[in-house]
Amino acid sequence: MTVPTTANTAAGCAAPDQSAPLPSSVDLAKETVITGIVRNADSEAVGGAYVRLLDSSGEFTAEVVSSPEGVFRFFAAPGSWTVKALSRHGNGELAVDAVLGVNEIALNVATA
Amino acid sequence: MSRDTALVSADWAEENLETPGLVFVEVDEDTTAYDGGHIPGAIKIDWKKDLQDPVRRDFVNQEQFAALLSERGISNDDTVILYGGNNNWFAAYAYWYFKLYGHEAVKLLDGGRKKWELDARVYTKDVPVRAKTSYVAKAPNLEIRAFRDEVVQAIGVKNLVDVRSPDEFAGRLLAPAHLPQEQSQRAGHIPTAISVPWSKAANEDGTFKSDEELAKIYGEAGLDGGKDTIAYCRIGERSSHTWFVLKELLGHENVKNYDGSWTEYGSLIGVPIALGDEPGKA
């Protein structure tokens with residue numbers, strides 16, 4: 001699918017294409033973007049992973065599926081978050097202290 | 001309704017992929033998932049292109065729904081098994097449509113695409129060819145659909161269940177965190193609504209929690225079993241997931257989905273809005 005060039009509002013709740021560049025409408029002075037790549041134990045990108053964003057109390061906030069290149073992206077708010085991935089190649093999680101702008105993280109998954 | 005009639009497991013689905021009279025349907029907003037691989041034999045429905053009216057701000061009407069199902073080769077006698085991504089949000093939304101237009105033989109695949117993927121079950125890219133049918137949709141059953149005036153009147157009277165994330169409920173975010181946040185309408189929630197995020201009802205693999213766990217979650221959140229209930233979210237798909245839980249799994253009698261949801265309510269002139277983590281007063 002193409003990423004809308006206008007504000008992504010009431011259109012839907014499905015995740016925009018995770019590998020696409022940020023839409024030009026996204027104002028990084030206002031948005032807190034948490035993004036990164038899911039990798040397995042061999043450092044290979046993991047596509048099709050379910051990546052979920054949990055708030056500071058551990059409550060589920062959002063979930064996306066990583067792109068074939070392993071890329072995921074959330075639009076959050078400044079503060080403490082946990083990013084967690086579930087995949088065929090195992091699971092992994094990471095705590096993030098996000099600030100305004102782009103917060104890039106590396107998320108590794110491994111079988112327990 | 002109950003779990004036995006409304007839900008099928010991934011194991012059951014795998015054993016029944018070729019059972020005559022069953023139609024597997026993948027429902028998503030982004031159908032590239034289907035195109036990249038889907039459950040063998042499944043057809044696709046695009047939530048936006050197929051289920052929304054292209055002009056009016058509404059979903060497809062009775063005639064449009066009948067035309068869609070006829071074109072996709074679904075007959076009135078078929079049992080439809082729905083599944084999709086996003087923890088079955090859009091599949092649950094489609095389930096609600098099927099019920100709204102009187103198709104009783106419809107079930108959700110527990111866990112949807114996610115459990116299928118995490119279980120490493122088989123996908124195909126083959127698209128089945130189904131002969132067209134002459135599907136007849138019934139008049140919409142408005143006992144399961146709430147409109148805005150009814151929602152305003154329900155403040156302090158009925159159970160209002162806000163199923164968005166806590167930050168959306170409180171007014172700290174305007175949309176789920178995987179979407180850009182810029183929007184025109186106000187943030188917050190409908191006064192007296194209880195906050196029970198849809199995700200409370202789901203396990204990590206996308207399957208629904210047990211009936212006992214579900215009953216406990218809504219009971220502890222303050223849902224009054226003696227009152228009618230209206231569920232809402234931002235655009236009505238996550239609340240379909242909760243509507244499904246309350247009506248189809250737990251068997252509550254009068255449960256409606258407010259599909260206008262916060263996108264409509266938060267743009268209305270003059271209606272009350274509550275901010276913060278508490279339900280607020282009527």
Side-chain angles (χ1 to χ4, degrees), chain A residues 1-4 6-18 22-28 30-35 47-65 67-68 72-79 81 83-91 98, chain B residues 28-33 35-37 46-48 52 57 84-87 89-90 93 113-115 117-120 123 164-168 172-185 195 197-200 202 204-206 233-238 260-264 266-267:
Chain A
M1 77 183 252
T2 54
V3 173
T6 52
N8 194 341
T9 55
C13 278
D17 182 355
Q18 295 295 299
L22 278 173
S24 58
S25 60
V26 173
D27 181 354
L28 287 175
K30 292 181 186 165
E31 296 279 356
T32 302
V33 179
I34 300 174
T35 184
Y50 288 86
V51 186
R52 33 179 54 200
L53 183 69
L54 310 175
D55 71 15
S56 56
S57 69
E59 185 63 59
F60 174 95
T61 302
E63 183 175 81
V64 296
V65 179
S67 74
F72 63 89
R73 179 192 300 147
F74 295 104
F75 296 88
W81 302 90
V83 182
K84 183 170 187 179
L86 306 176
S87 80
R88 291 182 179 218
H89 305 279
N91 305 334
Chain B
D28 272 310
E29 184 182 23
D30 174 5
T31 54
T32 56
D35 300 338
D46 184 317
W47 173 77
K48 200 184 296 177
Q52 303 296 311
R57 178 115 183 274
N86 289 72
N87 291 277
W89 290 352
F90 293 96
Y93 204 171
R113 256 193 96 91
K114 187 191 215 174
K115 180 161 174 57
E117 164 69 21
L118 295 177
D119 288 351
Y123 291 116
R164 298 172 299 160
S165 63
D167 282 337
E168 291 174 86
R172 292 185 288 268
L173 289 181
L174 273 162
H178 59 266
L179 296 173
Q181 294 295 311
E182 67 270 48
Q183 287 192 59
S184 59
Q185 72 269 17
S195 170
W198 69 273
S199 54
K200 296 262 191 211
E204 264 193 352
D205 65 2
C233 59
R234 187 179 72 124
I235 58 166
E237 85 305 17
R238 285 177 286 179
S261 273
W262 192 256
T263 298
E264 176 176 74
S267 299

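Applying the side chain to side chain contact (heavy atoms under 4.5 Å, CB included) test to A/Asn91 and every residue at least two apart in sequence or in another chain returns A/Leu86. The side chain to side chain donor-acceptor pair (under 3.5 Å) search around B/Gln52 returns B/Tyr97, not counting sequence neighbours.
With a 4.5 angstrom heavy-atom cutoff, A/Lys84 touches chain B only via side-chain atoms. Heavy atoms closer than 4.5 Å to chain B are found in the side chain of A/Tyr50, but not in its backbone. Both the backbone and the side chain of B/Glu204 come within contact range of chain A, each with at least one heavy atom under 4.5 Å from a heavy atom of that chain. Heavy atoms of B/Trp198 lying under 4.5 Å from chain A belong exclusively to its side chain.
Between the OG atom of B/Ser199 and the CD atom of A/Glu63 there is a distance of 9.5 Å, given to the nearest 0.5 Å. Taking OG of A/Ser57 as the start and CG of B/Asp167 as the end, the distance is 8.5 Å to the nearest 0.5 Å.
Across every non-hydrogen atom of B/Leu118 and A/Arg88, the tightest pair is CD2-N, 4.4 Å. Taking both residues in full, the closest heavy atoms of A/Glu59 and B/Pro166 are given as CG-CG, 3.5 Å, listed atom of the first, atom of the second, then distance. Scanning all heavy atoms of the two residues, the minimum distance from A/Ala76 to B/Leu173 falls at O-CD2, 4.0 Å.
Using a 4.5 Å heavy-atom threshold, the side chains of B/Ser165 and A/Asp55 count as separate.
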